[in-house]
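See structure below.
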Amino acid sequence: MLTSLPSFSRLNTMASSHDPFQAQFQQPPQQQQQGMQGYAPQQMGQQPLYPQLPGLPNQPHYGGNQPAVQPYSQYSQPPAVPLSGPSSSYQPQNMVGPYNPQSNSLYVQNQQQQQQQNGGYRYPQPTSGMQSSATQLSPQPLESVSKDEDPIYGPLSRARGKIDRAVTGDNEISADLADGMNHPLQSTEPYIHPPSNATAFNIAKVTKRTPLPDALHQELNYKHLTAKMGLFEDIERAWFTVDNKLFLWDYSDGRDFSRYDEQNDTIQAVGLIRARRDVFVDEITHVLVICTSSQTTLLGLSKAPNSREINLYATNLSVETPTAMIDIKGTPAGRIFMLGANKDLYELDYSSDSSWFFGSSTKVGLHNRSSGSLANWTPGFLASKSKEGIESFALDGQQGRLYTLHTGGEIEMIDVSGTNYQSRARYTRLKHDLNRNQQGGNVSVVSLAVVGGHESKRVSLIAIASNGYRVYFSTSNSFWPHIFRAPIPSQANLPVSPQSFYSSGTFMSVQHDNSAPMPQTQLSIAVPHCGRQSALRENLESYEAPAFQEWTTTEIIPSQVWTIVELPATNPAFAPPSLTRSDGIALSALPRQATTQSRDFLVLATSGLFWVSQPRPIDMLQDDLDLEKDAAINTVRLQFGKSQLAAMSLQLGATSDLKALDLASAISTILITSGEPIIKDGTGGKNITYSGRHDGLALIIARYLRPIWNVKVTVPSVPGRQILALPEATLLAVQGRLEKLRRYLDEHPFQRYQAEGDAKIAWDQEDMSIHGLEVLLKQAIEAISFVLLLSDYKISDIILRTDPQTQQTLANLTFQALLTSIDGKDVARKLVTALIEQQIGQELGIDTLSEILQQRCGTFCQPGDVVMYKAEESMRRAEGARDYGEKTESLAESLRLFTRTAGSIPIPRLQEVSKRYRNMQYTVGAVELPLKTAVELDPNDKAVDFVRDGEHPNDPRKGLFEARKQCYEMVIEALVMFDELLDKATAQGNAASATQKRDEAYALAIASDDELFHFYLYDWHVERGLQEQLLEFDTPYIEQYLKLTINNVEDRRDLLWKFYARREDFLPAAEALSSLATRPSPMVLHDRLYYLAQALTSAKSAASLGSEDVEFSSRLQEQIDVAQVQMEVARGVETHPDMSADEKNETLSRLNTDLLQLDELYQNFARPLRLYEPILLILKTADTRIDDVCEAVWRQLIGSYRSAGNVAMAENVITLVKRYFPSEAAPLDIMVPVVYAEAQGVQGGSAGWASIALLDGGVPLRDLWEAAVGLYENSDDDERDYYAEEVSVIASRWIGRKEEIPAAEVERFASAYLLRTNGAPLDDVRRGTRDRLTAAKQAAVRY
């Protein structure tokens, strides 16, 4: 069981009031009560006698009889070390003067004027020949607002980019310490004056002094052998040893004082180390290590987080030591290293193999790490006093490195990561380097200081020399001096003490002056110049690499200093991840100041505890505004940058009491004079550079949001569950800062400016961007409230109620996404729904919760959401009601409430509600709620436009279309359900009630005025094969639907003309049929011709009703004629002997796609494919005569039957003549000669069979007579007998049809022929010809 040590008790008695030390520090009553007072060095009087620091009196004073402390008036350079050290003097250069807000520029003044105005300070200006550093800050293009932009998340998306840019900028001005060491100013101008002579710009100040307790004075004033003191800042205690007694003093309280006196021997050293894990119980956080000359004892120490009380516990852990220990340090993991007086380094190891607090298995051991294990047993008095060994050591527990300083000046780097202890490197020339130009060679290294990984990844150690030089060691490639830093110019001509201190960039050179009337210590303080890089960027747009320059100042402590520490609360070494870059480098003072206070240091001296504060830039600004408003604004702007100044002013406005009119006026002046936005031409178009006030607002919001911005909202705990990733205290702190800023901006809105041209564009762009930042500010405040509310209601349980996809999304969701993305919005709404369902599931009312949601995080819970939850309550009542009236009333109320929020119901939630309505057979709710939601989701009918524009898959309107389709699917599900209920009821013989519900559902659906839904409903009917039912619908949308879908689906193409025909609108029906036939589609030619014929019939029906359209009817007839030609061409292709099957299919496909023109049919099909009859049909239909084509076609068509005989040819002639005569496809002057010419080559047949075929085909007798006679008369002797025979056959036919040819013509031709052939030899052909003409002549004479 843990018990406090009985000897550890409070000292209740204080020293008497006549203590001579107390007399020198008379305090006001209030300060006496608190045990502390303001610091005033001039009040110091005689001090009591305290033990001197070891070895100090024997150290020589530097500078002989010169004053020990030099005034801070000019740079005084000690002899330079020619290793990257400073030059012997600083060369004067042009200085940068005050900032001119009107021109937004910096004026260069001469050195004399600058020194008069600014005490010699040189404002940041670019270094000649220095290249720019890499930056991720690309030019900012002009922004625009789309018509579809979300009023909340549109501005948020723009603001997100500004915040990311500000975060990146803060990272870039927080450089690795080693980066600045490569800049020329590191050697030419390492130190610079503070930016003003005003006290506000003092970089470090002693702010108060706490006297040592009177009881301690009594102990120290008693006769004693040994006294030591130090600080344990981790537990807020100062420690003192007087012989064998240890005192712990709570310096924050000032009076709380404790004592431990269980040691028998004089205490030589004390250390406080983090306790190892799994050795002690969780309450034990530290181990107090107490060393005497022969033994080391470990005590357990506990201190509750929110309590000032500490407790010590006996551990029974102790080990014999071969020598006195003089220094103790430990790692965060609990390893303990001790330096012995014999100059050996030891490691104290303790462990426990048991789960008990203290048991027999607890082990403790001491290991000599520098001289081997045998040295552990060498008594200290036997060791040589001149032994070479380790003088001091420094420990970097975070990076696992230990550095030792050896008596010869060597520095060794040792790896102590994990359980290692391995030497990695050793540098042996440092003492030689430091004394290269020194007379006497008396410069030595007095102490080592660690450069943490939060400062640099390449520089890791500082060796502090007795003359004030600092040697920075690099470990990136090898362990080697990186630079030699010259002493601080204001340093006194005194040796630098081992008590000199370095922490996170701040260096305090400690120099004891015992030659003064009163012993005192000079602190020469150097602090990195944090504003150079940002000032160059913002004021001069120069992205120069960082420079390692330091501000300096001096403080006098009126006694000897024992130790200096930095309070961990504000030490950048312990900064949270939000205040570091991704590589672990801590942010500089500028970004850090938004969320941290000024850094505080404790200086423990024999005269008391001195509190040294290192003000932030904002502290300097605020303090100087009280002294010199305009000069302060100008100085800070030039020193840190215009945007940094604006950010500081906004932070002041948000955190200060603005009842002081001067401060409010100064903030207003800063923002008004912060410059103006400027439009510039860039490589990719116009860019904008925003004003300082805009970028300042982005910076301060980014810095306030940084602790949460890229942090996930939740982290996994046990499998399947998630918890908040950040403590509530962190979220409350961020929210508090943001709320103060929002309140300030509400009360002090930014001024708007009127301008023209590019200036107007620039101001409009800035106003739009600032609006987005203000929206983000409000959103962030509400988002944190929302997350905290979820935490209050057990966020893990709420998350489990969401669907797996939401849980997965939330697991990867950062606060940035929660604030600015649609995904974040969706997740938040689902979490709200789950929260409400949790409340309802527990049968708890939701009115109070809804009110809280709206008040604290209205963006995440709209009024519509609350209405939705109330609707859910009504639905639950309906589901549980037994009374029909109550159920009906609750259903109607739920529908009324759901309808009010129709536009904000998530689709999954709507599907659930709709299903529950269907289960309760609530027709109105099942149909009307999805229809209402569809309309509210897309109030501008963008989905309709999406459909009309062709439904492109990448169209952003597709999402609205899909959402509306999901709503319509719910209506269809309801109609299907009522259909099925009717079928079941009909089968059971009780269909009345089911029919009523089914008809009501369809009536509600058909009564909708949503055009897109009607189209969806009609499609559903067609898909079910019920397209004929559409003809019964009498809605405003059916006609348009049928027009749009007539050519797309085979089942639908007859619907439109039938729709008109059924209503006896014959002319529109004819037009629909004509359109159907002539539109490009896969429809075959036969169907096209059918529809054209039907169209002509409908047109004639319209004419009979008085609605005749002659032109339309004529056009239909022409289209039919052409279609018939196209059919003939298609048949010609089908029977074409020289085409392959694939060629035929391809050609027929082209012919079936559309109705073509005659010219297309001729040029593309008939002519190239040699389709002879279709060519004749084209000529006939076109009523066009082309002699050479016509003759060639007739010859081909008739000649193709030459081998088949006269009978086949005669039949072919008859067919062709009947089909194409009379027309331009069969002119007599071409057709008759071709037929006769081809017939002559055919053997057999009766006389005149060709003429008989022509006559039978329809050629008039007289026309054929004239043609044949003409051919006879124009023929040569070889053909004359043939044509005479043909004419004789025609004359024989004339005998029976005498009215068709004048008898005189017959008689004249017959007489002429008979006369010519009289006496000529006669063959059978001539004899037959003479006989027929003789008979014809006789008939003609008689007629």
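Computation of the quantities below employed the complete heavy-atom set of this structure, encompassing side-chain atoms and omitting hydrogens, waters and symmetry-equivalent molecules.
No donor-acceptor pair under 3.5 Å is formed between the side chain of Arg401 and the backbone N or O of Ser460. Of the possible donor and acceptor atoms, one in the side chain of Ser174 sits under 3.5 Å from a partner among the backbone N and O of Ser588. A donor-acceptor pair under 3.5 Å is formed between the side chain of Tyr350 and the backbone N or O of Arg276. Side chain of Arg335 to main chain of Gly418: a donor-acceptor pair is present (N/O by atom type, distance under 3.5 Å, no hydrogens or angles). Proximity of a side-chain donor or acceptor of Ser466 to a complementary backbone N or O of Ser444 within less than 3.5 Å is detected. Checking side-chain atoms of Thr296 against main-chain N and O of Val319 turns up no donor-acceptor pair under 3.5 Å. Side-chain atoms of Ser504 never come within 3.5 Å of backbone atoms of Asn571 as a donor-acceptor pair (strictly under, hydrogens ignored). Panel note: side chain Tyr191, backbone Ala526; no donor-acceptor pair is recorded below 3.5 Å. Side-chain N or O atoms of Asn435 include one that pairs as donor or acceptor with a backbone N or O of Lys431 at under 3.5 Å. The main-chain N or O of Asp583 is found under 3.5 Å from a side-chain atom of Lys457 such that the two form a donor-acceptor pair.
Under the 4.0 Å criterion applied to side-chain N and carboxylate O atoms, Arg703 and Asp170 are assigned as salt-bridge partners. A salt bridge links Arg458 with Asp179; the closest basic N to acidic carboxylate O contact falls under 4.0 Å.
Relative ring orientation between Tyr472 and Tyr502 is described as perpendicular, the plane-to-plane angle rising above 60° on a 0-90° scale split at 30° and 60°.
His183 and Glu544 share a side-chain donor-acceptor pair at under 3.5 Å. Of the N and O atoms on the side chains of Ser370 and Asp344, at least one donor lies less than 3.5 Å from an acceptor on the other residue. Side-chain contact check for Glu172 and Thr135: at least one donor-acceptor pair (N or O, by modelled atom type) lies under 3.5 Å. In this model, no donor atom of one side chain and acceptor atom of the other lie less than 3.5 Å apart for Thr580 and His454.
His512 and Thr521 get closest at one heavy-atom pair: ND1-OG1, 3.0 Å. Summarising the geometry of Val450 relative to Ala394, their closest heavy-atom pair is CG2-CB, 3.9 Å, with the distance given to 0.1 Å. Nearest heavy atom pair, residue Val270 against residue Ile328, reads C-CD1, 3.8 Å. Contact record, Leu185 with Thr188: CA-OG1, 3.4 Å, taken as the closest heavy-atom pair. Heavy-atom minimum distance, Thr297 versus Gln263: OG1-NE2, 3.3 Å. Shortest non-hydrogen contact noted between Ala449 and Leu461 is O-CD1, 3.3 Å.
Counting heavy atoms from C-beta outward, Trp611 and Tyr251 have side chains that approach closer than 4.5 Å. The shortest distance between side-chain heavy atoms of Arg429 and Arg436 falls below 4.5 Å. Residues Phe473 and Leu448 fail the side-chain proximity criterion, which asks for heavy atoms closer than 4.5 Å. A 4.5 Å side-chain heavy-atom check between Leu231 and Leu609 finds at least one atom pair inside the cut-off. Looking at Leu348 and Leu298, their side chains come closer than 4.5 Å, going by heavy atoms from C-beta outward. Side-chain contact between Val287 and Thr315 is absent, with no heavy atoms from C-beta onward closer than 4.5 Å. Annotation: side chain of Phe507 is in contact with side chain of Ile488 (closest heavy-atom distance under 4.5 Å). Within the 4.5 Å cutoff, the side chain of Cys291 has no heavy atoms near those of the Thr321 side chain.
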Carefully, step by step, assess Tyr260 and Leu288 under the rule side-chain contact (heavy atoms from CB on, under 4.5 Å).
CA-CA 11 Å; Tyr260 169 76; Leu288 187 62; 5.9 Å; no
Let me see the working for Glu412 and Ser423 under side-chain hydrogen bond (donor to acceptor under 3.5 Å, both in side chains), right down to the final yes or no.
CA-CA 7 Å; Glu412 184 178 9; Ser423 177; 2.6 Å; yes
CA sep, side-chain torsions, deciding dist, call: Gln268, Ser293, side-chain hydrogen bond (donor to acceptor under 3.5 Å, both in side chains):
CA-CA 6 Å; Gln268 300 293 334; Ser293 58; 5.2 Å; no
With side-chain hydrogen bond (donor to acceptor under 3.5 Å, both in side chains) as the test, would you mind laying out the steps for Thr506 and Gln614 before giving the verdict?
CA-CA 9 Å; Thr506 298; Gln614 181 178 312; 2.6 Å; yes
For a side-chain hydrogen bond (donor to acceptor under 3.5 Å, both in side chains) check, start with the C-alpha distance between Ser598 and Ser613, then their side-chain angles and the critical distance, and finish with the verdict.
CA-CA 7 Å; Ser598 59; Ser613 177; 3.2 Å; yes
Evaluate side-chain contact (heavy atoms from CB on, under 4.5 Å) for Glu236 paired with Lys303, printing each intermediate quantity in order.
CA-CA 10 Å; Glu236 301 179 87; Lys303 180 177 182 294; 3.9 Å; yes
Go through the steps for Leu366 and Glu320 under the test side-chain contact (heavy atoms from CB on, under 4.5 Å), then give the verdict.
CA-CA 8 Å; Leu366 187 68; Glu320 299 293 329; over 6 Å; no
Derivation and outcome, side-chain contact (heavy atoms from CB on, under 4.5 Å), residues Val167 and Arg706:
CA-CA 8 Å; Val167 169; Arg706 189 158 184 148; 3.6 Å; yes
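Between Arg426 atom CZ and Ile414 atom CD1 the span is 8.5 Å, to the nearest 0.5 Å. Residue Leu339 holds its CG atom at 6.5 Å from CG of Leu345, rounded to the nearest 0.5 Å. Distance check, rounded to the nearest 0.5 Å: CZ of Phe548 to CE of Met181 gives 4.5 Å. With rounding to the nearest 0.5 angstrom, the CG atom of Asp265 is 5.0 Å from the OG1 atom of Thr292. Atoms OG1 and CE, on Thr475 and Met413 in that order, are 6.0 Å from each other to the nearest 0.5 Å. Taking CZ of Phe232 as the reference point, atom OG1 of Thr563 lies at 10.0 Å (rounded to 0.5 Å).
The number of heavy atoms from other shown groups lying within 6.0 Å of CG (Asp282) does not exceed 12. Crowding of Gln136 atom CD: a count of heavy atoms from other residues, nucleotides or ligands under 6.0 Å not exceeding 12.
In summary, of the residues considered (Tyr403, Phe479, Trp480), a ring-ring contact (aromatic ring centres under 6.0 Å, His included) with Tyr427 occurs for Trp480 alone.
Within the cation-pi definition used here (under 6.0 Å to the ring centroid, within 45° of the axis), Arg369 does not qualify as a partner of Phe393.
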